[in-house]
Amino acid sequence: MPDRIARIKADYSELFSSSPEVIVKGPGRVDLMGSHTDYNDGFVLPVAVNVDVLAGGGLRDDGKIAVYSGNFEKLVEFDLNAIEFDNVNTWSNYVRGVVHFLQEDGVALRGANMALYGNVPIGSGLSSSAAIEMACGYLLQELNGFEMSGPRLALIGQQAENKFVGVNTGIMDQFISRLGKKDAALFLDCRTLEYEYVPLDTSQVKIVVCDTMKRRGLVGSEYDQRRSQCEEGARLFAQWYPEVKALRDVSIEMYEEHKSRLPKVVAKRVAHVVGENHRVLRSREVLGSGDFEEFGRLMNASHDSARDLYEVSCPELEAMVEVTRAASGSLAGRMAGAGFGGCTVSLVKDEYVEQFLQVVAVEYKKKTTLVPSLYVCTAEDGASVIERL
Ligand code: GLA
């Protein structure tokens, strides 16, 4: 991080001839449990991790926002009163969307300069988009000094993603990027936005994220199709149980009783979501009691269900899961995020981590010819101030 902080200061002073007033971070995330449950009003259990977007900023008086991305080496500028979609610098749409929806929410913003520099791999399933949204949202909050709860800022980020960028994701990514906590996982009820922290002691067991290097885009992908299939399932259940508003309201018993009356594909999607919600609730308990072995079994079951019933895996994810599960000291291997590529997440006993990294790199390459990126992650705080200048 120190190098990136220095880089932000240097970029900022070169472009804006001053120092940033404050530098904040918005972290990436990995979901330990809860695959495709968030947009079904269900439960998730993610952690914020030690890869993030850093954002340094200062106010300006002309009602303009200028944002520099150190990763893309591009500066964009837009007016607070006329925020348009940018077809060229598409990364800036996350910032534009957050600014737009903060103002829609009634926040009076002043102009600002921002310099960003991140190390969240893009398109890998660690939610670089939520990281940039929460870094910029939090930076604007710090600079303008307005009050806003963490869940509210997360919702603003989700609106930016859904309605400005045009990707119809759930609330998990922004919520954990804003509200994550060091050495803890966050259990979230995606309907009520009630949450609690579950201690995650990473001294005995490490979170290892394995990037398959298979990239996937959420825009135009099958993600929307899965959402529609879930909505159809919820509509069908509402005929039999009027209280059903989303698949969150369908119990295992209700599913068993009616599954033969559902279209085949819808039945599979419902089975996954209903089972996964149940597993997330159970995982919160077992993690709370420090039972990593059982937690690992639930992670594996989550992956298998996402593969077989939700059908969001791909050959690269399967190769990585096979290799990571077989490695000594590994307690689990499951896909992270939406699937279709990107990363897997494993829990690995501390004393085996070095060996795990070596074996996985070799064995995965043998199976796929791809060279994976492997990250030993810690659970970190969500969006927060790194330095005030
Ligand atoms: C993506 C979305 C999340 C969630 C996951 C699947 O990461 O951004 O909202 O739906 O997929 O669990």
Side-chain angles (χ1 to χ4, degrees), residues 26-49 51 94 97 120-134 151 154-180 185-191 193 195 209 211-212 215-231 246-248 269 272-277 279-280 283 298-299 301-307 309-314 317 334-345:
R29 66 96 187 87
V30 65
D31 46 316
L32 297 179
M33 285 297 291
S35 180
H36 292 269
T37 44
D38 62 352
Y39 53 82
N40 288 299
D41 278 3
F43 308 109
V44 289
L45 191 84
V47 288
V49 290
V51 288
Y94 300 102
V120 188
I122 294 173
S124 67
L126 297 183
S127 209
S128 52
S129 55
I132 187 172
E133 287 155 4
M134 291 302 98
L155 285 166
I156 297 274
Q158 188 197 12
Q159 277 184 300
E161 184 111 14
N162 292 173
K163 298 186 193 153
F164 198 89
V165 179
V167 186
N168 210 13
T169 50
I171 186 63
M172 171 169 72
D173 304 347
Q174 291 78 15
F175 204 95
I176 183 65
S177 180
R178 174 64 188 84
L179 285 139
L186 181 149
F187 170 82
L188 173 65
D189 177 334
C190 299
R191 170 172 282 166
L193 299 189
Y195 62 100
V209 170
D211 191 343
T212 63
R215 292 289 171 261
R216 52 114 192 94
L218 275 182
V219 189
S221 78
E222 301 201 42
Y223 188 88
D224 286 345
Q225 191 200 44
R226 296 297 183 286
R227 280 193 79 137
S228 315
Q229 290 163 341
C230 290
E231 282 157 18
L247 290 187
R248 141 75 170 277
R269 308 301 186 242
H272 167 74
V273 173
V274 170
E276 184 72 353
N277 275 329
R279 280 186 290 272
V280 181
S283 75
L298 289 163
M299 286 174 70
S302 164
H303 176 87
D304 295 351
S305 171
R307 176 193 59 215
L309 298 171
Y310 218 66
E311 297 176 290
V312 290
S313 193
C314 65
L317 282 171
R334 80 181 272 280
M335 69 178 81
F340 303 111
C343 292
T344 68
V345 54

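Note that the coordinates shown come from a computational prediction; the quantities given were computed from them, not determined experimentally. Both ligands and their constituent atoms are indexed starting at 1 by order of listing.
Of the N or O atoms in Asp38, one or more lie within a sub-3.5 Å distance of an N or O in ligand 1. Geometrically, ligand 1 and Thr37 share no nitrogen or oxygen pair separated by less than 3.5 Å. Considering backbone and side-chain N/O atoms, Gly170 comes within less than 3.5 Å of an N/O atom of ligand 1. Taking any N or O of Tyr39, backbone or side chain, none lies under 3.5 Å from an N or O belonging to ligand 1.
Of all the atoms in ligand 1, the ones that sit under 4.0 Å from a non-hydrogen atom of Gly34 are 12 (O). Counting the atoms of ligand 1 from 1 in the order shown, those under 4.0 Å from a heavy atom of Arg29 are 7 (O). Near Ser35, with a cut-off below 4.0 Å to any heavy atom, the atoms of ligand 1 are 12 (O).
Between Asp173 and ligand 1 there is a heavy-atom distance shorter than 4.0 Å. Not a single heavy atom of Gly125 sits under 4.0 Å from any atom of ligand 1.
Of the possible polar contacts, none joining the Arg248 side chain to the Tyr39 backbone as a donor-acceptor pair under 3.5 Å is found. Here the side chain of Arg269 pairs no donor or acceptor atom with the backbone of Ser228 at under 3.5 angstrom. The closest donor-acceptor contact from the side chain of Gln158 to the backbone of Thr169 lies under 3.5 Å.
When only modelled atom types and interatomic distance are considered, Arg334 and Ser302 share a side-chain donor-acceptor pair under 3.5 Å.
Between His36 and Tyr310, the angle of the ring planes lies from 30° to 60°, which puts this pair in the tilted group.
Residue Asp38 comes nearest to Ile171 through the heavy atom pair OD2-N, 3.4 Å, listed as atom of the first residue, atom of the second, then distance.
A 4.5 Å side-chain heavy-atom check between Arg178 and Gln174 finds every atom pair outside the cut-off.
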